[in-house]
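Below: the structure, in structure tokens.
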Amino acid sequence: MKHLATVLISLIFLTLLGCVSPEKEDNERLTSYVNPFMGTDGPGNTYPGATMPFGMVQLSPDIGVPGWDRIAGYFYPDTIITGFSHLHLTGTGAGDLYDILISPINSRATKTIPENGNRPYSTFSHDNEQAEPGYYQVYLQDYGINTELTATQRTGIHRYTFPQDEQSGFIIDLGYALNWDAPTDTHLKIVNNTTIEGYRFSSGWAADQRVFFTVHFSKPFETATLFANDKEQQKDAVSGKNTKVKVVFPTHKDEQVLVKVGLSTASMEGSLLSLQREAPHNDFDQYRQATSTTWENELSKIKVESDNEEWKKTFYTTLYQSMLAPTLLSDTNGDYKGADGKYHQAEGYDKYDTFSLWDTFRAAHPLYTIMHTNRVRDFVSSMLSHYEQTGLTPVWSMQGNETNMMIGYHAIPVIVDAYFKGLLNDFDSELLYAACRSNAMDDAHGIKEYRELGYVPVSYDHENWSVSKTLEYAYDDWCIAQLAKALNKDEEYAYFMQRADNWQNHYDNTSSFLRPRQANGTFVADFVAKDYTDHFCESNAWHYFWFVPHNLQGLIDKTGGAERFEEKLDSMFTYHPSDDDELPIFSTGMIGQYAHGNEPSHHVAYLYNYLGKPWKSQERVREIMETQYAPIPNGHCGNEDCGQMSSWYIFSSLGFYPVNPADGIYVIGTPLWHKASIELPKGKQFTIECSNASKENKYIKEVQLNGQTLQRSYIHHREIMNGGNLKFVMDKYPNKKLWNTPEAFPQSAQ
């Protein structure tokens with residue numbers, strides 16, 4: 001609750017700052033609305049550094065101290081910086097990466113603390129720090145060194161402005177590790193007095209991560225000293241688990257030194273190619289401008305108009321954060337480290353990884369099917385290559401590794417959604433189907449028992465999560481069934497549709513919840529729906545009750561009909577935790593039992609549309625947008641989770657959301673904007689206009705699609721992609737007659 005109060009107070013303060021004029025809207029770059037610090041405080045776990053859209057490099061400051069708050073390397077309340085590393089995860093709870101730490105130093109670099117491994121650090125102030133898409137700047141006040149960072153797709157580019165000092169230079173520290181990460185083998189070689197190359201292999205959440213790099217300095221160094229296990233080595237190359245190099249040169253006042261770092265997951269030759277092809281010159285400002293222009297072009301795919309500047313800042317910041325993952329894995333020549341531990345070449349596509357699928361299948365990937373159609377094809381090709389190398393599609397993959405974090409086989413809705421949206425017409429449909437079927441016929445993660453019993457039984461193993469697994473497997477099975485039907489695989493269709501009903505095997509009439517069951521069929525005793533137990537994945541029975549997006553009418557019927565379902569849905573938002581409830585770290589953004597800070601709740605506010613009460617969805621969706629997001633460091637109510645939290649806001653602010661992420665329809669909520677324009681392929685445009693849009697007018701009075709009254713509370717993907725106009729008339733009072741008959745309800749049973 002403390003977080004919600006902070007966001008509300010901040011929003012009130014920011015709203016008083018004034019409104020943007022039309023002239024300012026026309027002339028100001030959209031990048032100026034982005035605050036990369038959003039989520040760097042509180043539970044957001046984001047990083048503020050420089051990157052390209054979906055880029056390989058995430059060059060960002062590292063505090064250097066481990067812990068949950070610094071899981072992305074940086075925590076806004078901190079006041080020290082140890083260095084700048086080149087790989088970071090965005091908004092997750094996973095403590096990995098932080099590879100290739102570079103720290104500027106001089107004779108003033110004397111402070112160390114045990115918490116950062118006794119590495120030199122400098123204090124800094126947010127007054128001398130700034131960030132925008134593709135650029136980060138901070139003044140290291142103990143050293144008197146100004147740091148600027150930017151990036152291309154595969155290279156990190158640093159510019160340091162030094163004071164006069166005879167001992168200026170850098171430390172490249174490959175032994176530096178935080179949280180789950182640990183180096184297994186590192187290598188450094190001094191090629192000449194401006195170039196150093198090497199690699200860092202590590203084990204952590206990614207069990208076998210490999211990063212090759214080439215570093216080029218614009219100023220020749222006078223000395224270079226190699227270390228292994230903190231002992232000086234008299235040689236020009238060194239290997240081991242803990243290696244570093246210290247380069248030193250004199251600088252005059254305000255002398256600028258450029259450092260360029262090319263990365264590869266396949267070879268040092270690949271990292272050199274990254275430098276040669278993407279960063280051939282030493283003009284930092286030119287790189288910064290090119291990166292900024294790339295971001296501007298991506299952000300310009302959706303243009304919104306509003307007199308509420310803070311809503312716009314939130315929108316463009318979340319739009320920016322929706323494009324920080326997945327991340328590029330393949331080199332400029334297509335080489336990459338595969339999930340089988342071997343090196344491969346992506347032919348005809350860019351290989352991507354960092355697929356946080358338990359999160360992003362819900363809204364981020366549907367957003368990509370509108371904004372990034374070509375990348376969707378690359379994402380699916382990347383998933384297929386993972387299948388070809390391992391026999392399974394990715395669950396949560398990163399840096400050429402399967403982490404098996406979280407649950408479900410959610411590459412399937414991503415693939416199936418892209419297929420039915422016509423983005424995979426030239427793909428091998430049999431390969432697509434084989435890949436989708438693979439995980440469903442595996443024996444791990446309770447899937448064997450799920451097939452045999454029709455549900456995942458309680459086992460009390462770590463992260464058993466039995467009820468959650470059954471529900472998510474059942475949804476993914478429905479997706480497989482739809483693909484089987486399209487490919488005329490009738491027996492397969494019937495088989496997977498039967499499995500899609502397995503959620504019902506957890507329904508308990510006594511409690512009216514989906515309840516964990518023993519292998520012998522009995523429900524567990526002492527069941528309390530609001531308790532957080534190992535039976536539910538980062539959730540409780542309230543959160544997961546609603547996850548039947550492929551058969552919501554079936555869930556309504558099981559619950560006892562529309563009236564009983566509505567009562568239960570109302571209670572979801574009004575049954576608040578008591579003071580003595582022990583809420584886990586991931587239970588944030590609470591509105592009653594609704595937890596917007598975690599993904600299982602994300603579609604729930606839209607379910608009133610399936611009852612003919614869309615005005616109630618409008619109330620709740622607007623409440624979530626206004627209380628759970630703000631363009632400030634503490635502006636995310638939970639882990640941002642690789643674009644999912646942001647994508648929820650983007651869709652919801654436009655006025656619709658993919659409740660079922662693979663059925664090609666978007667359920668209407670309540671829009672924020674006077675006008676929003678979505679640029680589409682082939683020069684098409686879809687516009688959303690709102691008469692009387694304001695903070696007070698959150699209810700929809702009427703809607704027209706392409707000049708015709710919209711008689712349903714949803715729109716189709718094809719209606720967006722064909723181009724057209726969706727016009728809302730907003731009001732401060734609910735229109736309880738709007739879409740209140742079954743003909744208007746979204747599809748809810750197939």
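Predicted, not measured: the structure shown is a model, and the values here were computed from it.
When only modelled atom types and interatomic distance are considered, Gln256 and Thr161 share a side-chain donor-acceptor pair under 3.5 Å. Side-chain contact, Tyr136 with Gln130: no donor N or O sits under 3.5 Å from an acceptor N or O. Ser382 and Ser385 share no donor-acceptor pair across their side chains, judged by distance under 3.5 Å alone. Side-chain contact check for Ser239 and His187: at least one donor-acceptor pair (N or O, by modelled atom type) lies under 3.5 Å. Looking at Thr243 and Thr186, their side chains do bring a donor and an acceptor atom within 3.5 Å of each other. A side-chain N or O of Gln644 and one of His602 form a donor-acceptor pair less than 3.5 Å apart. Side chain to side chain, Thr31 and Trp295 fail the donor-acceptor criterion of an N or O pair below 3.5 Å. Side-chain N/O atoms of Ser292 and Arg29 include a donor and acceptor closer than 3.5 Å. Donor-acceptor pairing under 3.5 Å is recorded for the side chains of Tyr199 and Asp185. Side-chain contact annotation: Ser85 with Asp99, donor-acceptor N/O pair under 3.5 Å absent. For the residue pair Tyr320 and Asn35, no side-chain donor N or O sits within less than 3.5 Å of a side-chain acceptor on the partner. Side chains of His636 and Tyr649: a donor-acceptor N/O pair is absent below 3.5 angstrom, by distance only. In this model, a donor atom of one side chain and an acceptor atom of the other lie less than 3.5 Å apart for Gln141 and Thr123. No side-chain N or O of Ser646 forms a donor-acceptor pair with one of Thr318 less than 3.5 Å apart. When only modelled atom types and interatomic distance are considered, Tyr532 and Ser587 share a side-chain donor-acceptor pair under 3.5 Å. With 3.5 Å as the limit, one finds no donor-acceptor pair spanning the side chains of Gln321 and Thr317. Between the side chains of Tyr176 and Asp62, at least one donor N or O sits under 3.5 Å from an acceptor N or O. Side-chain N/O atoms of Ser168 and Asp165 include no donor and acceptor closer than 3.5 Å.
Here the rule is side chain to side chain donor-acceptor pair (under 3.5 Å) with Gln137, and of Asn128, Thr147, Asn146 only Asn146 fits it.
Looking only at side-chain heavy atoms (C-beta outward), Tyr143 and Phe162 stay at 4.5 Å or farther from each other. No side-chain heavy atom of Ile157 sits under 4.5 Å from any side-chain heavy atom of Val259. Using a 4.5 Å heavy-atom threshold, the side chains of Trp396 and Ile407 count as separate. The shortest distance between side-chain heavy atoms of Phe361 and Phe355 does not fall below 4.5 Å.
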**Report entry** Chi angles and distances behind the side chain to side chain donor-acceptor pair (under 3.5 Å) call for Gln289, Thr293
**Finding:** CA-CA 6 Å; Gln289 183 59 50; Thr293 297; 3.2 Å; yes
Requested in this report: Carefully, step by step, assess Ser264 and Ser271 under the rule side chain to side chain donor-acceptor pair (under 3.5 Å).
Outcome: CA-CA 5 Å; Ser264 166; Ser271 69; 6.0 Å; no
Requested in this report: Give the intermediate values and the outcome of salt bridge (charged side-chain N to carboxylate O under 4.0 Å, His left out) for residues Arg288 and Glu132.
Outcome: CA-CA 10 Å; Arg288 176 186 174 184; Glu132 62 186 50; 3.5 Å; yes
Requested in this report: Would you please test Arg210 and Asp208 for salt bridge (charged side-chain N to carboxylate O under 4.0 Å, His left out) and show each step?
Outcome: CA-CA 7 Å; Arg210 306 172 200 171; Asp208 177 19; 2.6 Å; yes
Requested in this report: Would you sort out whether Tyr368 and Phe379 count as a ring pair (Phe, Tyr, Trp, His ring centres under 6.0 Å), showing the intermediate values?
Outcome: CA-CA 10 Å; Tyr368 303 151; Phe379 295 161; 5.7 Å; yes
Requested in this report: List the steps and the verdict of salt bridge (charged side-chain N to carboxylate O under 4.0 Å, His left out) for Lys351 and Asp378.
Outcome: CA-CA 7 Å; Lys351 169 73 175 180; Asp378 286 353; over 6 Å; no
Requested in this report: I would like to know whether Ser397 and Glu402 meet side chain to side chain donor-acceptor pair (under 3.5 Å); could you show each step before the answer?
Outcome: CA-CA 4 Å; Ser397 61; Glu402 178 56 78; 5.3 Å; no
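Taking the ring centre of Tyr33 as origin, the terminal cationic atom of Lys313 falls outside the region bounded by 6.0 Å and 45° from the ring axis. The cationic atom of Arg70 (NZ for Lys, CZ for Arg) does not lie both less than 6.0 Å from the six-membered ring centre of Phe75 and within 45° of the ring axis.
The heavy-atom pair separating Met406 from Cys537 by the smallest distance is CE-SG, 3.3 Å. The two residues Ser274 and Leu263 come nearest to each other via the heavy atoms OG-O, 2.9 Å.
Ion pairing between a basic and an acidic side chain is recognised when a charged N comes within 4.0 Å of a carboxylate O; Lys111 and Asp142 show such pairing. Salt-bridge annotation for Glu278 and Arg154: present, with a side-chain N of the basic residue lying under 4.0 Å from a carboxylate O of the acidic one. Between Asp350 and Arg375, none of the side-chain N atoms (NZ, or NE/NH1/NH2) sits under 4.0 Å from a carboxylate O, so this pair counts as no salt bridge.
Listed for the Thr265 side chain is a donor-acceptor partner under 3.5 Å among the backbone atoms of Leu329. Side-chain N or O atoms of Glu296 include one that pairs as donor or acceptor with a backbone N or O of Leu30 at under 3.5 Å. Although no hydrogens or angles enter the test, the distance criterion places a donor-acceptor pair under 3.5 Å between the side chain of Ser103 and the main chain of Thr82. Remark: side-chain polar atoms of Thr194 are not paired, donor with acceptor, to backbone N or O of Phe217 under 3.5 angstrom. Side-chain atoms of Asp78 do not come within 3.5 Å of backbone N or O of Ile80 as any donor-acceptor pair.
Between Tyr287 and His281, the distance separating the two ring centers is shorter than 6.0 angstrom.
Heavy atoms from other residues, nucleotides or ligands lying under 6.0 Å from NZ of Lys241 number 12 at most.
The structure places CG of Leu97 at 7.0 Å from CD of Gln58, a figure rounded to the nearest 0.5 Å.
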